[in-house]
Every structure is written in structure tokens, then in C-alpha cells.
**Student:** 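This is the structure I have questions about; it appears just below.
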Amino acid sequence: MIVTRFAPSPTGYLHIGGARTALFNWLLARKSGGRFLLRIEDTDLKRNTPTATQQVLADLRWLGIDWDEGPEVGGPNGPYFQSQRLEIYQHYVLKLIEEKKAYYCFDTPEEIERLRREAEAKKQVFLYPRPAHFPEPEEARKAQAQGRPVTVRLAVTETEPIVVQDLLRGDVVFNPAEIGDFVILKSDGFPTYHLAVVVDDELMGVTHVIRGQEHLMNTPNHLLLQRALGFRTPAYLHMSVTVSESGGKLSKRERPEALRKAIQEKKGVDLDALAKAAGLSRQELDLFLAGEKMPDVPAIDAMAAFLGVHLPEINVVDFLKSGYLPETMVNFLALLGWSPAGRQEIMDRQELIEAFDLSRLNKSNSLFDRKKLLAFNTEHIKRVPLKTLVRHFRVFLEATGSPVAAADDAMLEHLIRINEGARTLAQIEEKCRFAFIPDEAVVYDPEAVKKVLQKEGAADILRTIAQRLEQLKEFTAESLEVMLRNLAEETQVGLGKVAQPLRVAITGTTISPPIFDAVNLLGLERTRKRIERAIQLFSHA
RNA sequence: GGCCCCAUCGUCUAGGCAGGUCUAGGACACCGGGUUUUCAACCCGGCAACAGGGGUUCGAAUCCCCUUGGGGCUACCA
């Protein structure tokens with residue numbers, strides 16, 4: 001049976017690259033009827049954040065990527081947090097030391113750094129100088145008592161070429177002479193990634209490891225460790241990397257950097273107000289602008305909102321908040337580095353599982369194209385069942401704190417219906433928000449006022465509409481349509497000349513759902529009030 | 001610098017492993033037109049690629065080599 005896993009380190013929100021890795025492992029497990037497990041690689045005390053695991057779990061759930069074993073679902077191979085498996089790693093480290101396959105080291109970071117520099121100066125690869133005699137456990141205890149850092153390194157004694165058999169790339173050959181004795185146990189008693197991943201994959205019965213190309217160079221180390229420990233070697237597949245428009249792999253730094261650029265390019269930004277909006281001190285903001293400090297995600301979001309700039313989405317939640325559907329994300333991510341046998345591109349999870357096949361993966365890096373993502377989202381909004389869409393819409397509204405969240409499900413369904421052709425949930429929200437704010441809170445877009453409301457005759461048309469609204473027997477989208485069409489015909493103008501002033505009067509902008517639906521949504525009373533307010537504010541007659 | 005991976009339209013890719021059926025197919029973007037009460041959506045049409053060089057072969061996008069370009073790694077991070 002095929003067993004795959006996703007093993008994120010909880011350093012923040014799940015980003016799009018991680019989601020893609022998780023997805024491919026999940027697809028392989030689901031396609032083959034195997035198991036998919038989730039393991040949290042929290043062995044770096046400095047980088048982990050306390051809430052990150054919850055964020056990652058929530059993001060995976062939103063995407064519809066479920067796990068058979070792991071946090072919150074349990075399983076026979078737990079615990080699934082590496083920080084809770086310290087004795088297990090300890091056991092194997094001790095075993096390797098006893099067998100003289102690994103040894104204690106007492107170097108300080110400065111000493112290591114010096115050796116590294118020397119090697120660099122000589123244009124040589126840095127290889128840790130293995131001592132002729134390995135220190136005894138006794139010496140390790142002594143060194144520790146004296147306050148020296150104690151680490152353990154694997155003795156790399158292999159002389160034959162190390163061959164990584166990659167499912168995608170074929171045999172990749174490495175020269176063992178270029179692999180130095182690497183650290184497997186850190187001075188804080190935590191295992192390094194190499195040790196933890198090898199031990200856990202063995203103990204958890206992982207058969208297939210799909211990961212990013214950035215791990216290809218680590219794989220010979222893992223092979224070495226597996227041999228030293230007498231473990232099996234899982235099948236490896238190193239996927240291509242997703243790169244960003246700015247070149248280089250897509251990283252979390254993208255958003256802060258885009259924000260910094262936006263702040264620097266914008267003239268006359270009130271930095272004190274900006275810092276306040278982000279909950280930062282002025283000093284922290286200055287450090288950020290100098291490129292020396294990265295504020296956290298909420299602060300970044302707050303600053304972007306304050307400036308009204310749109311930052312590129314990187315984390316899974318960013319896409320949620322921009323109004324993308326999880327179906328879109330899963331579909332689009334699957335197509336980055338993989339393609340189905342047929343012509344069909346738009347697929348739901350089930351269709352992806354059915355079509356998935358490792359042999360159709362491709363090796364080259366790909367660029368994340370947001371325009372194509374938008375097109376995919378438009379398609380999925382059309383395809384996803386209405387009930388599901390309502391659920392997604394609710395999640396979106398709550399995540400963004402929209403006033404539209406006050407609506408019940410029936411209303412949300414209606415809002416979706418009258419916004420046929422929308423590209424994102426955010427667009428639906430933007431178009432409908434006008435009906436969920438107080439009449440006095442309508443902000444009139446100056447551009448729209450100038451172009452529509454202050455045009456010749458606009459005020460007259462609004463007055464006429466207000467009058468006819470009074471005379472309307474029943475107030476529905478249909479009766480409104482009849483009324484407005486008649487009015488357009490009588491006054492010998494296009495429907496646009498009637499609809500546009502009305503649209504701006506009730507929404508403050510030129511963008512809304514179809515005008516009949518928009519008025520119907522707002523209701524008779526509030527429509528009248530807003531028309532009056534608009535006439536008052538903008539007719540200079 | 002060293003090691004490793006990769007290379008088809010602007011982008012994601014099909015084709016490559018089994019060389020002729022490829023005057024290279026699709027999707028997105030873009031451009032032009034249509035539809036239209038706004039924004040979208042929708043419909044029709046168009047533009048656009050085998051990185052370069054050398055082999056192998058009757059024949060190369062496809063196989064081999066070199067060059068160039070892009071990417072990754074080079075930690076007591078994962």
C-alpha cells in the first residue's frame with residue numbers, strides 16, 4: 001500500500017508551494033487507495049510560532065486535503081509532532097554512536113564558521129574534519145558541563161557513488177567525497193531535519209516521498225542515514241519549483257517586499273499613521289522599510305489595507321481572502337507541473353484523483369500565473385453547486401469581516417444568483433455591499449458623480465424615477481424592469497441613461513449587480529432615501 | 001565559486017521515453033469584432049514557440065554532446 005505524507009514546519013501560514021506539495025502527495029494516496037499522513041516538523045525552536053500549526057491545519061481543511069493520520073485525527077504511528085518524539089530520535093542517535101557510525105562534536109558556531117571560511121578561501125568544499133578517535137560519551141558529558149555545545153554528526157564513510165533513484169528525474173548520482181559529516185543532533189537536543197525525517201518516514205511506513213526540488217541535494221544524506229540505521233528507502237520524487245514573476249522561487253517574503261516597494265513608491269505616505277494602523281511602533285516600521293525586519297502577517301495586511309494596495313497572494317489564506325474558491329486552488333495547483341491525459345483542464349477534486357498519474361508530471365519549473373488563476377476561478381464559480389458556493393461565500397465574508405456576513409444563507413444564495421459571471425467571491429461582495437451598509441454611509445465615488453450624476457438631465461431622471469417608484473403597485477425586480485424600460489422609451493434615451501444615474505445614486509459607484517436586482521435588493525424605502533440624498537448632494541440646479 | 005536540476009507560444013502545457021502522422025495542438029493572456037443597463041460573463045476571429053551550435057539518421061521538437069540561459073542547494077532551517 002502506498003503511504004505518503006506532508007510534513008510542514010509550522011513557521012506561519014501554509015503557502016502556495018507547500019499546498020502544492022501536500023496536494024500531490026494527497027492525490028497519489030487517494031488515487032492508489034493508500035494513506036496520506038500529516039506530520040508537523042517542529043524541530044526548530046527559533047522559527048516555530050505557536051499558532052502556525054492551527055493555521056496550517058485550517059488551510060489544508062479549507063482546500064479539502066484531508067489526512068488519515070496526524071494531528072487531531074491521531075493514528076497508530078503517533079505522536080505526529082516531532083517535538084514530541086525526542087526520545088525516539090535520541091534512541092537512534094545513541095545506536096549510531098555505539099556502532100561508531102556517528103560521533104560527538106564540541107565545536108562552537110564560531111569555530112565551524114572559521115573552518116568554513118578557510119575552505120571557501122581555498123575554493124574547496126567544506127568538509128567537517130572527522131577526528132581520528134570518536135569522543136566517548138563521558139567526554140560529551142564533561143563538555144556539556146563546561147558549557148560547550150554538544151552535537152552529533154554522522155560519519156560519512158561511503159566511497160561508492162550515491163545514486164538517488166528519482167521517479168521523475170531518473171538516477172541522480174552524487175559523489176560521497178563531497179558530502180561532509182553532517183549534524184544529526186543539535187546542541188539543544190533536537191534532531192536536525194535529516195535525522196527526524198528519515199526516522200519518521202521509516203517508523204510511519206512512508207513509501208513515497210514527493211517533495212520540492214530544493215530537497216534533491218538532501219536526499220543522498222537521507223540515503224546515507226537510512227543505510228546506517230538499516231532502514232528502507234522510500235521512493236522519491238522531486239517536483240519542479242514554482243517561481244514568481246520576480247524570479248526565484250515563490251516565497252513568503254514576496255508580500256512584505258511588495259508592500260515595502262509600494263510604500264516607497266507612493267509619495268507623501270503618513271508613516272506615523274501607517275505604523276499606527278499596523279500596530280507597530282514607528283521604529284519597527286522604519287526597520288521594516290530599511291529591510292531589516294519583517295512584521296507579521298496581520299500587520300502586513302493592515303498596512304496594505306491602509307494604503308489601499310493589493311499585495312500578491314502567497315499564503316493559502318491570502319487566496320481565500322481575495323475570494324478564490326478552494327476548488328480553484330486545488331485545480332490550478334495540480335496543473336502546475338502536472339497535466340491530465342485529455343483536454344479537460346477544469347476539474348474538481350474527484351476528477352483530479354481519477355486523472356492523476358505520476359508519469360504525467362513534468363520536470364521544469366513553472367511560473368504562477370494569477371491571470372489564469374482568475375479564469376479558473378470564474379469557471380469554478382459556475383461549476384460548483386450553489387449550496388457549496390454559499391458555504392464558501394460565508395467563510396469568505398467572515399474571514400474578511402464584511403458587513404454582508406449579516407445576511408442569511410437564502411440571501412447569500414440570492415446574491416450569488418444575481419451576480420452571474422462574477423470572477424471572485426470578492427467581486428460579488430463588492431457589488432452587493434452597498435445594500436448592507438447604512439444609507440448615510442454610502443460613499444460617492446467622485447469619478448462616478450462627475451461622469452453620471454452631474455450630467456445634463458440626470459437629476460431630472462432621478463426625480464422621475466422617485467415619482468414612479470411611489471406609483472408602483474408591487475415592488476419586484478420584474479415590475480421595476482417594466483417601469484424603467486418604459487421610462488427609457490418615453491424619454492427617448494437608452495436604458496443606460498436611466499439605469500446609470502440610479503445605480504450611482506444607490507450604490508455610490510458605477511459598478512453593481514443588474515440594476516433591477518440592485519434596487520430590489522435595497523428595497524423601496526431605502527432606494528427612495530438614497531435617491532433623495534443623491535439629488536440633494538449633487539444637483540446644483 | 002562548487003554540486004545538482006531544467007529548457008516548446010508572453011504564461012501553463014500537449015507532443016519527447018517507442019524519430020516520419022507536428023506547415024507543432026489546447027488553455028490563459030493579448031489584439032480585433034459582436035452582444036450589452038454598469039462591471040463582469042458570453043460569442044466569433046487573430047497574433048504567437050521547438051534557446052543556439054554540432055552530431056546520429058533517408059528523416060530530429062523528439063536521441064547524443066557542447067554552449068547559453070533559468071532555477072535549486074551549498075546551516076546546529078526545514
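Residue numbers start from 1 in every chain, and the chains themselves are labelled A, B, ... in the order their sequence lines are given, proteins ahead of strands. The model shown is predicted, which means the values in this text are computed figures rather than measured ones.
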**Student:** Using a cut-off of under 3.5 Å, enumerate the N/O to N/O pairs linking the protein to nucleotides 42-51 of chain B.
**Tutor:**
| unit_1 | atom_1 | unit_2 | atom_2 | d |
| --- | --- | --- | --- | --- |
| B:C42 | OP1 | A:Lys382 | NZ | 2.7 |

**Student:** If you look at every strand shown and take non-hydrogen atoms under 4.0 Å, does A:Arg423 touch a base, only sugar-phosphate, or nothing?
**Tutor:** sugar-phosphate

**Student:** Who does B:C30 pair with, Watson-Crick or G-U, both distances under 3.5 Å?
**Tutor:** B:G46

**Student:** Would you say A:Tyr103 and A:Asp181 are linked by a side-chain donor-acceptor pair, where the criterion is simply a distance under 3.5 Å?
**Tutor:** yes

**Student:** Counting only Watson-Crick pairs (N1-N3 plus N6-O4 or O6-N4) and G-U wobbles (N1-O2, O6-N3), all under 3.5 Å, who is the partner of B:C73?
**Tutor:** B:G2

**Student:** Closest heavy-atom contact between A:Leu14 and A:Val56?
**Tutor:** N-CG2, 4.2 Å

**Student:** What is the distance, rounded to the nearest whole Å, between atom NZ of A:Lys249 and atom P of B:C5?
**Tutor:** 18 Å

**Student:** Select base, sugar-phosphate, or nothing to describe what A:Leu335 touches, counting heavy atoms under 4.0 Å on all strands.
**Tutor:** sugar-phosphate

**Student:** Tell me whether the centres of the aromatic rings in A:Phe190 and A:Tyr89 are closer together than 6.0 Å.
**Tutor:** no

**Student:** Do the side chains of A:Glu379 and A:Arg383 get close enough for a salt bridge, i.e. N-O under 4.0 angstrom?
**Tutor:** no

**Student:** With both distances under 3.5 angstrom, what nucleotide forms a Watson-Crick or G-U wobble pair with B:U68?
**Tutor:** B:A7

**Student:** Applying ring pair (Phe, Tyr, Trp, His ring centres under 6.0 Å) to A:Phe376 and A:Phe319, what does each step give before you reach the verdict?
**Tutor:** CA-CA 13 Å; A:Phe376 268 50; A:Phe319 291 95; over 10 Å; no

**Student:** Determine the contact category for A:Leu336: base if any of its heavy atoms lies under 4.0 Å from a base atom, sugar-phosphate if only primed atoms, P, OP1 or OP2 are that close, otherwise nothing.
**Tutor:** sugar-phosphate

**Student:** Kindly point out which of B:C6, B:C77, B:A29 is positioned nearest to the side chain of A:Arg169?
**Tutor:** B:C6

**Student:** Between A:Glu118 and A:Lys122, does at least one N-O distance fall below 4.0 Å, as a salt bridge requires?
**Tutor:** no

**Student:** For A:Arg39, answer base if it contacts any base atom (sugar-phosphate contacts may also be present), sugar-phosphate if it contacts only those atoms, and nothing otherwise; contact means non-hydrogen atoms under 4.0 Å.
**Tutor:** nothing

**Student:** Given the C1' atoms of B:C65 and B:U23, what is the spacing between them in whole Å?
**Tutor:** 30 Å

**Student:** Using whole Å, what does the distance between atom P of nucleotide B:C28 and atom CG of A:Asp369 come to?
**Tutor:** 11 Å

**Student:** For A:Asp42 and A:Ser83, does a side-chain donor sit closer than 3.5 Å to a side-chain acceptor?
**Tutor:** yes

**Student:** When rounded to the nearest Å, what value does the distance between P atoms of B:A78 and B:G70 take?
**Tutor:** 31 Å

**Student:** Considering only B:U38, B:C4, B:U37, which nucleotide approaches the side chain of A:Met217 most closely?
**Tutor:** B:C4

**Student:** Applying a 4.0 Å non-hydrogen cut-off, can you work out what A:His215 is touching in the nucleic acid: base, sugar-phosphate, or nothing?
**Tutor:** base

**Student:** Take atom CD1 of A:Ile506 and atom P of B:U37, then tell me their distance rounded to the nearest Å.
**Tutor:** 17 Å

**Student:** Kindly compute the distance separating CZ (A:Phe24) from CG (A:Leu237), expressed to the nearest 0.5 Å.
**Tutor:** 9.5 Å

**Student:** Establish, with yes or no, whether the OP1 or OP2 oxygen of B:C6 is under 4.0 angstrom from a side-chain nitrogen or oxygen of A:Lys363.
**Tutor:** yes

**Student:** Can you tell me, in whole Å, how much space there is between the P of B:A14 and that of B:G59?
**Tutor:** 29 Å

**Student:** Looking for any heavy atom pair under 4.0 Å, which part of the strands does A:Gln213 touch: base, sugar-phosphate only, or nothing?
**Tutor:** base

**Student:** I want to confirm an ordering. Mapping A:Leu495 and A:Phe368 to their closest nucleotides on RNA chain B, which one lands closer to the 5' end?
**Tutor:** A:Phe368

**Student:** Report all interatomic pairs (protein N or O, nucleotide N or O of nucleotides 74-76 of chain B) with separations under 3.5 Å.
**Tutor:**
| unit_1 | atom_1 | unit_2 | atom_2 | d |
| --- | --- | --- | --- | --- |
| B:A75 | OP2 | A:Arg116 | NH1 | 3.2 |
| B:A75 | O5' | A:Arg116 | NH1 | 3.2 |
| B:C76 | OP1 | A:Arg116 | NH2 | 3.4 |
| B:C76 | O2 | A:Ser187 | N | 2.7 |
| B:C76 | O2 | A:Ser187 | OG | 2.8 |
| B:C76 | N3 | A:Ser187 | OG | 3.2 |
| B:C76 | N4 | A:Asp107 | O | 2.9 |

**Student:** What is the distance, rounded to the nearest whole Å, between atom CG of A:Asn486 and atom C1' of B:U37?
**Tutor:** 15 Å

**Student:** Using only heavy-atom distances, decide whether a donor-acceptor pair under 3.5 angstrom links the side-chain of A:Lys372 to the base of B:A29.
**Tutor:** no

**Student:** According to the interplanar angle, ranging from 0 to 90°, do the rings of A:Trp338 and A:Phe356 count as parallel (below 30°), tilted (30 to 60°) or perpendicular (above 60°)?
**Tutor:** tilted

**Student:** Please say which of A:Gln226, A:Arg39, A:His208 ends up in a side chain to side chain donor-acceptor pair (under 3.5 Å) with A:Asp201.
**Tutor:** A:Arg39

**Student:** When all nucleic acid strands are considered with a 4.0 Å heavy-atom cut-off, which category describes A:Ser364: base, sugar-phosphate, or nothing?
**Tutor:** sugar-phosphate

**Student:** More 5' along RNA chain B: A:Lys371 or A:Ser366, using each one's nearest nucleotide?
**Tutor:** A:Ser366

**Student:** Scan every strand shown for a Watson-Crick or G-U wobble partner of B:C17, both distances under 3.5 Å, and answer none if you come up empty.
**Tutor:** none

**Student:** Quickly work out the A:Asp166 CG to B:C17 C1' distance and round it to whole Å.
**Tutor:** 15 Å

**Student:** Given the rule in the side chain to side chain contact (heavy atoms under 4.5 Å, CB included) test, do A:Leu325 and A:Asn377 qualify, once you have shown the distances and angles that lead to the verdict?
**Tutor:** CA-CA 7 Å; A:Leu325 264 34; A:Asn377 206 50; 3.7 Å; yes

**Student:** Just checking A:Glu420: base, sugar-phosphate only, or nothing, at a heavy-atom cut-off of under 4.0 Å?
**Tutor:** base

**Student:** Base, sugar-phosphate alone, or nothing: which one does A:Thr510 contact when heavy atoms must sit under 4.0 Å apart?
**Tutor:** base

**Student:** In whole Å, what separates the P atom of B:C43 from that of B:C5?
**Tutor:** 45 Å

**Student:** If I pick the P atom on B:C31 and the same atom on B:C47, what distance separates them, to the nearest angstrom?
**Tutor:** 16 Å

**Student:** The side chain of A:Ala375 lies closest to which of these nucleotides: B:A29, B:G1, B:U37?
**Tutor:** B:A29

**Student:** Please report the distance, rounded to the nearest Å, between CZ in A:Arg20 and P in B:C12.
**Tutor:** 12 Å

**Student:** Would you mind telling me which of B:C39, B:C4, B:U11 lies closest to the side-chain atoms of A:Lys431?
**Tutor:** B:C39

**Student:** Drop me the distance from A:Met347's CE to A:His380's NE2, to the nearest 0.5 angstrom.
**Tutor:** 8.5 Å

**Student:** Students often get this wrong, so: under 4.0 angstrom with heavy atoms, is A:Glu345 touching a base, only sugar-phosphate, or nothing?
**Tutor:** base

**Student:** Under 3.5 Å, is there a donor on one side chain and an acceptor on the other for A:Arg503 and A:Gln500?
**Tutor:** yes

**Student:** Under 4.0 Å, counting only non-hydrogen atoms across every strand here, what does A:Arg503 touch: a base, just sugar-phosphate, or nothing?
**Tutor:** base

**Student:** At under 4.0 Å between heavy atoms, what does A:Pro8 touch on the DNA or RNA strands: base, sugar-phosphate, or nothing?
**Tutor:** nothing

**Student:** Which whole-number value in Å describes the distance from A:Asn362 CG to B:A14 P?
**Tutor:** 5 Å

**Student:** Regarding A:Val241, tell me which of base, sugar-phosphate or nothing describes its non-hydrogen contacts under 4.0 Å with the strands shown.
**Tutor:** nothing

**Student:** With a 4.0 Å cutoff (strictly under), does any side-chain N or O of A:Thr43 reach OP1 or OP2 of B:A78?
**Tutor:** yes

**Student:** Which whole-number value in Å describes the distance from A:Leu374 CG to B:C30 P?
**Tutor:** 10 Å

**Student:** Regarding A:Gly212, tell me which of base, sugar-phosphate or nothing describes its non-hydrogen contacts under 4.0 Å with the strands shown.
**Tutor:** nothing

